[in-house]
Number of protein chains: 2
Amino acid sequence: MTDRTPGTRSSSGYSAWRLIAEELRAEIGDGRLRAGDRLPTEAALAERFSVNRHTARQATATLAEDGLVESRRGSGTYVTGEAMRLHRIGVRTRLTKSLGEKASASGNLRVLNSAVEDAPTDIARRLALDGGKAVRIETTRSAGGQQISMSTHWFDVSRLPDIATVLRRTGSVTSALRESGVDDYVRTSTVVGARHATASEVAVLDLGQGAIVLVTEGLDSLTDGTPLQHVVTRFAAQRVRLDIEHPRAD
Amino acid sequence: MTDRTPGTRSSSGYSAWRLIAEELRAEIGDGRLRAGDRLPTEAALAERFSVNRHTARQATATLAEDGLVESRRGSGTYVTGEAMRLHRIGVRTRLTKSLGEKASASGNLRVLNSAVEDAPTDIARRLALDGGKAVRIETTRSAGGQQISMSTHWFDVSRLPDIATVLRRTGSVTSALRESGVDDYVRTSTVVGARHATASEVAVLDLGQGAIVLVTEGLDSLTDGTPLQHVVTRFAAQRVRLDIEHPRAD
DNA sequence: TCAAGTTGTCTACTTATCTAGACAACCAAA
DNA sequence: TTTGGTTGTCTAGATAAGTAGACAACTTGA
């Protein structure tokens with residue numbers, strides 16, 4: 001990108017301004033550009049990425065739409081702030097506590113829909129399902145007026161037949177499980193990946209097309225090892241980072 | 001995307017075929033399409049995404065270039081496989097156990113360059129630097145002929161003045177630290193995010209423009225809590241998932 | 001063997017993106 | 001106030017991306 005020779009138009013499926021915008025977003029995200037800093041001028045960006053000034057402008061305009069930078073005529077374009085949320089992932093993921101740095105009240109769970117159906121074979125195996133039937137629940141989580149994540153939960157229907165109803169009422173997985181007779185459970189496995197958001201994720205999470213989602217796939221179990229919940233969560237990567245809890249050194 | 005009305009061209013900076021390609025990649029990644037499955041026909045994809053067949057073709061062609069699918073004239077386009085690597089993140093990330101073995105399961109580490117310089121203030125604070133000087137080392141990790149990740153390591157130069165030289169020779173952080181008198185250390189903090197790859201990451205990790213990187217930011221410490229290493233790693237998200245180690249339930 | 005269905009390739013055309021240059025509006029510091 | 005530097009806006013033209021239709025090459029199952 002930086003040294004893309006004019007003829008070597010890469011045809012990557014990304015417009016030039018989008019690539020520039022994401023490059024700048026990365027610099028803001030990892031601290032090379034901090035809140036209050038002035039971006040390079042439009043002319044400098046155009047020079048650096050070997051594009052016309054209009055193309056560079058479109059890049060900063062997109063970042064401005066996202067509220068990441070602010071352009072001031074006659075002066076320059078400035079970084080407004082990062083505003084990244086931290087989501088804790090640990091043994092006991094008390095969700096209602098982990099969202100938002102300041103308060104415990106943040107993080108609103110909403111049940112979109114639920115159904116009892118045959119689980120995909122790999123999920124059925126992970127949950128050690130007998131009959132193969134499972135409760136699938138789709139939820140979203142928001143905080144501070146922003147969509148944070150969306151999840152697909154799978155429970156054994158023979159073990160937790162009413163979990164969807166209870167979850168809809170309580171708005172918390174931990175509470176719903178407690179009401180269903182599960183006093184304690186732990187996260188036994190988590191795998192994290194990242195990919196582009198699908199069309200439905202773009203819609204539900206209120207993202208731009210082509211945005212990125214962090215995908216976590218987790219298994220919660222009773223303390224004796226009995227599998228309880230298989231849950232896949234997609235976080236809006238531009239708003240959330242995952243804070244991994246490590247066990248105490250001893 | 002799926003129901004994009006013709007006039008509502010979103011102008012997202014992503015070409016239509018790129019959005020389709022990433023949508024399909026997501027379906028392959030999360031198991032909705034499995035190895036051996038046949039993709040919808042080009043005509044069906046064109047219909048579903050409201051584009052011309054040629055545009056849909058370009059999407060599958062890109063996936064074929066990545067080795068994710070294979071097109072067979074007269075028959076269809078088939079998913080070849082996922083081939084996702086798992087990278088473990090835990091308390092003690094013993095990458096290479098014995099000195100004699102050249103390559104461990106987690107791949108081959110190569111030192112790109114290193115320098116002694118002033119650390120950024122936030123890193124200096126995390127490492128509790130006295131003079132502010134730190135050793136910065138850039139490394140890459142490959143496995144099976146593929147680039148897996150690239151990292152930026154920061155060490156306190158007063159504590160580990162020769163770490164770069166030793167790391168260059170041993171090819172393992174654990175070994176290099178052991179030779180430097182550090183017998184044991186633990187991961188005390190890890191934060192995971194995701195964003196588009198920068199131009200240099202695209203080059204080093206051998207990715208396509210606009211690819212996604214998983215970014216981990218970790219702090220390793222002695223068992224008494226003394227900070228040792230601040231390390232930022234960027235994984236090629238299309239090749240790697242992070243497997244989070246959870247402490248035993250007891 | 002045949003017919004239906006699928007991918008591969010070609011040409012022509014339309015639409016969107018990027019380039020190029022100019023100038024206005026505005027800011028900040030001399 | 002003046003000057004140089006910056007963002008905002010306009011017009012026109014060049015290049016890339018997407019549409020449209022046709023047909024060849026090949027596979028599969030009847």
Side-chain angles (χ1 to χ4, degrees), chain A residues 1-2 4-24 33 36-65 68-80 208-210, chain B residues 1-2 4-24 33 36-65 68-80 208-210:
Chain A
M1 190 66 225
T2 41
R4 187 192 59 192
T5 41
T8 322
R9 184 48 46 84
S10 60
S11 176
S12 62
Y14 296 76
S15 56
W17 62 265
R18 169 60 68 183
L19 288 169
I20 297 167
E22 295 308 330
E23 186 95 21
L24 293 174
L33 287 169
D37 284 2
R38 199 182 76 167
L39 294 192
T41 66
E42 295 173 352
L45 287 175
E47 165 87 37
R48 169 174 158 198
F49 293 105
S50 309
V51 295
N52 192 272
R53 192 185 132 222
H54 292 83
T55 309
R57 270 178 65 72
Q58 205 161 355
T60 55
T62 313
L63 296 179
E65 261 184 28
L68 217 62
V69 303
E70 188 187 42
S71 288
R72 291 202 278 274
R73 167 183 287 201
S75 174
T77 303
Y78 299 84
V79 179
T80 54
Q209 279 191 331
Chain B
M1 191 64 224
T2 40
R4 186 191 59 194
T5 41
T8 322
R9 184 48 46 86
S10 61
S11 175
S12 62
Y14 296 77
S15 56
W17 62 265
R18 169 60 67 183
L19 289 169
I20 297 167
E22 295 308 331
E23 186 95 22
L24 293 175
L33 286 169
D37 284 1
R38 199 182 76 168
L39 294 192
T41 66
E42 295 173 350
L45 287 174
E47 164 87 36
R48 168 174 159 199
F49 292 105
S50 309
V51 295
N52 191 272
R53 193 184 133 223
H54 293 83
T55 310
R57 270 177 65 71
Q58 205 162 353
T60 55
T62 313
L63 297 178
E65 261 184 29
L68 217 63
V69 302
E70 188 188 43
S71 289
R72 291 202 278 274
R73 168 182 287 202
S75 174
T77 303
Y78 299 83
V79 179
T80 54
Q209 279 192 331

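Just so we're on the same page: letters track the sequence lines, and every chain starts at 1.
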Visitor: Send over the distance from R18(B) CZ to dA16(D) P, rounded to a whole Å.
Guide: 18 Å
Visitor: Identify, between T77(B) and Q58(A), the residue whose nearest nucleotide on DNA chain C lies closer to the 5' end.
Guide: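 Its nearest nucleotide lies further toward 5', so the answer is T77(B).
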Visitor: Whole-Å distance between dT6(D) C1' and L45(A) CG?
Guide: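 The distance from CG of L45(A) to C1' of dT6(D) comes to 13 Å, rounded to the nearest Å.
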Visitor: Under a 4.5 Å cut-off applied to non-hydrogen side-chain atoms, are T77(A) and L63(A) in contact?
Guide: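 Side chain of T77(A) against side chain of L63(A), heavy atoms only: no contact under 4.5 Å found.
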Visitor: What is the distance, rounded to the nearest whole Å, between atom CD of E42(B) and atom P of dA20(D)?
Guide: 16 Å
Visitor: Using whole Å, what does the distance between atom C1' of nucleotide dG5(C) and atom OH of Y78(B) come to?
Guide: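 For the pair Y78(B) OH and dG5(C) C1', the rounded distance is 11 Å.
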Visitor: Nearest-Å distance, CD (E70(B)) to C1' (dC26(D))?
Guide: 15 Å
Visitor: Between dG8(C) and H54(B), counting only base atoms on the nucleotide and side-chain atoms on the residue, is there a donor-acceptor pair under 3.5 Å?
Guide: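 Under the 3.5 Å cut-off, the side chain and the base do not form any donor-acceptor pair.
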Visitor: With the side chain of S15(A) defined as its heavy atoms from C-beta on, choose the nearest nucleotide among dT19(D), dT17(C), dT6(D).
Guide: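 My answer, after comparing the listed nucleotides, is dT17(C).
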Visitor: Give the C-alpha distance, both sets of side-chain angles, the deciding distance and a yes or no for side chain to side chain contact (heavy atoms under 4.5 Å, CB included) between L24(A) and L45(A).
Guide: CA-CA 10 Å; L24(A) 293 174; L45(A) 287 175; 4.2 Å; yes
Visitor: Whole angstrom is fine here: how far is it from CG in N52(A) over to P in dG8(D)?
Guide: 15 Å
Visitor: Could you go through the side chain to side chain contact (heavy atoms under 4.5 Å, CB included) check for E23(B) and R48(B) one step at a time?
Guide: CA-CA 12 Å; E23(B) 186 95 22; R48(B) 168 174 159 199; 4.0 Å; yes
Visitor: Identify which nucleotide among dT28(D), dC18(C), dA28(C) has an atom closest to any side-chain atom of S75(A), counting heavy atoms from C-beta outward.
Guide: dA28(C)
Visitor: Taking 4.0 Å as the cut-off, does a side-chain nitrogen or oxygen of T55(B) come that near to OP1 or OP2 on dT19(D)?
Guide: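 So the side chain of T55(B) is within the cut-off, an N or O lying under 4.0 Å from OP1 or OP2 of dT19(D).
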Visitor: Taking the minimum atom-to-atom distance to the side chain of S71(A), which one of dT6(C), dG8(D), dT6(D) wins?
Guide: dG8(D)
Visitor: Quick one: does NZ or CZ of R72(A) land under 6.0 Å from the six-membered ring centre of Y78(A), within 45 degrees of the ring axis?
Guide: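 Yes - R72(A) lies over the ring of Y78(A), closer than 6.0 Å to its centre and within 45° of its axis.
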Visitor: What residue among T80(B), T60(B), V79(B) forms side chain to side chain contact (heavy atoms under 4.5 Å, CB included) with E70(B)?
Guide: T80(B)
Visitor: Without decimals, in angstroms, what is the distance between F49(B) CZ and dG18(D) P?
Guide: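 About 14 Å, once rounded to whole Å.
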Visitor: Taking only the side-chain heavy atoms of R73(A) (C-beta and beyond), determine which of dG18(D), dT7(D), dT7(C) contains the nearest atom.
Guide: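 The listed nucleotide nearest to R73(A)'s side chain is dT7(D).
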Visitor: Less than 4.0 angstrom between a side-chain N/O of R38(B) and OP1 or OP2 of dT6(C), yes or no?
Guide: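 It does, given that an N or O in the side chain of R38(B) lies less than 4.0 Å from OP1 or OP2 of dT6(C).
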Visitor: Closest approach to the side chain of R57(A), judged atom by atom: which nucleotide of dT7(C), dT7(D), dC18(C) is it?
Guide: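 Among dT7(C), dT7(D), dC18(C), the one nearest the side chain of R57(A) is dT7(D).
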Visitor: Side-chain N or O of W17(A) less than 4.0 angstrom from OP1 or OP2 on dT17(C)?
Guide: no
Visitor: Roughly, in whole Å, what's the span from CD in E47(A) to C1' in dT6(D)?
Guide: 17 Å
Visitor: Distance criterion of 3.5 Å, no angle test: do you see the side chain of R53(B) paired donor-to-acceptor with the base of dG8(C)?
Guide: yes
